[in-house]
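When a residue number appears, it is its place in the shown sequence, counting from 1. Whatever order the structure lists them in is the order used to number ligands and atoms, beginning at 1.
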Amino acid sequence: MFSLASLSLRLRAFGYRGDRRTMATVISGNKTSKLVRQRLTKEVEQMKTQFLGFRPSLVVLQVGDRDDSNLYISHKLKAAAEIGIDAKHVRLPNTATQDEVLRSIISVNENPSVHGLIVQLPLDSVNHIDNELITNAVAPEKDVDGLSCINAGKLSRGDLGDCFIPCTPNGCMELIRQTGVSVAGKHAVVIGRSKIVGAPMHDLLLWNHATVTTCHSKTPDLPVQVSRADILVVGAGRAEMVKGEWVKEGAVVIDCGINHVPDETKPSGKRVVGDVHYASANQRAGYITPVPGGVGPMTVAMLMENTVQSAQRFLLKNQPGR
Ligand code: GUN
């Protein structure tokens, strides 16, 4: 026998909410990322005590001077400093050649005191630089962005314990976990197939046993696909493209978008919105991430997590007596 309250909770977990429109539960990336950062701070403190001042170390390599990259990098450096990770920002001018960028990467690859290396994307160079060549030049064991074909290949085969998982999809999974909704057996829909968000998100959901549909710019029936999603992850890079009416009642909606739209009521004349139309989706979803304060902070937290993990792997390899 179920009580009325427990019956209603069970029905809600299956997406049923009667004819009463309630707002979705907001999944806070700010809160979740803080918990992750607090846990990592303790782990780094323990490493320092156990291994005589040892600290995980991260290099962020930037080519050029894009405003958005400067902002993202400042968040990464701040989080690293708070956790106790030794993070270094290496800047190359926008006149740097592909060879110069490669030489910088190789010098970090060869430096045993660095455990993580990311090349901030997009590259801002006046010269032609092959992105693929650059991301694959990062040593796989230091590739804490998980973007090299070695790490991406392992993820696509389901070797989740033996690779670095790209930070944004990893953060999305953590936010989905927070809802308590199990991924196994659910229908997940991913919008976008980028190497940094959509493609690895597809793999992660698949290997967590969801049935996954990945949609992209050539998908003809996007609203229909979205309406089938128990779990919807959107990384399309288009402001408010997913409308609330498309969303299945009770779905988990994870919005990876960061878009600036004009807003005359703001002193800056603009505001940040996601790829999902939040106000309308909030009326149908069971759970939803806000923008800002959803996926963004999780991306930073997961980069820190990967860096600490890389340092732990380094210690395991180099401290055989442990
Ligand atoms: N640019 C925007 N997001 C990211 C990220 O997660 N990693 C890198 N390297 N560049 C980015």
Subset of ligand 1 atoms that lie under 4.0 Å from at least one heavy atom of I196: 4 (C), 5 (C), 6 (O), 7 (N), 11 (C)
Under 4.0 Å from a heavy atom of V119: give me the atoms of ligand 1 that qualify, with their elements. 8 (C), 9 (N)
Applying a heavy-atom cut-off of 4.0 Å, say which part of L303 lies close to ligand 1: side chain, backbone, both or neither. neither
Considering non-hydrogen atoms of the protein only, which is the closest contact for atom 9 (N) of ligand 1, and what is the distance? D145 OD2, 2.5 Å
Would you mind checking which non-hydrogen protein atom is closest to atom 11 (C) of ligand 1, with the distance to 0.1 Å?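 For atom 11 (C) of ligand 1, the nearest protein heavy atom comes out as Q120 NE2, 3.4 Å.
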Could you pull out all residues at least two apart from S74 that satisfy side chain to side chain contact (heavy atoms under 4.5 Å, CB included)? L71
Just jot down the side chain to side chain contact (heavy atoms under 4.5 Å, CB included) partners of S268, sequence neighbours excluded, or say none. K266, K270
Do N127 side-chain atoms and A96 backbone N/O form a donor-acceptor pair below 3.5 Å? yes
Residues R39 and E305 bridged, charged N to O under 4.0 Å: yes
Passing candidate, side-chain hydrogen bond (donor to acceptor under 3.5 Å, both in side chains) with N151, options D159, D162, T135, D143: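 When side-chain hydrogen bond (donor to acceptor under 3.5 Å, both in side chains) is applied between N151 and each of D159, D162, T135, D143, only D143 qualifies.
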Which option, L121, I73, T168, owns the non-hydrogen atom nearest atom 1 (N) of ligand 1?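 Among L121, I73, T168, the closest heavy atom to atom 1 (N) of ligand 1 comes from L121.
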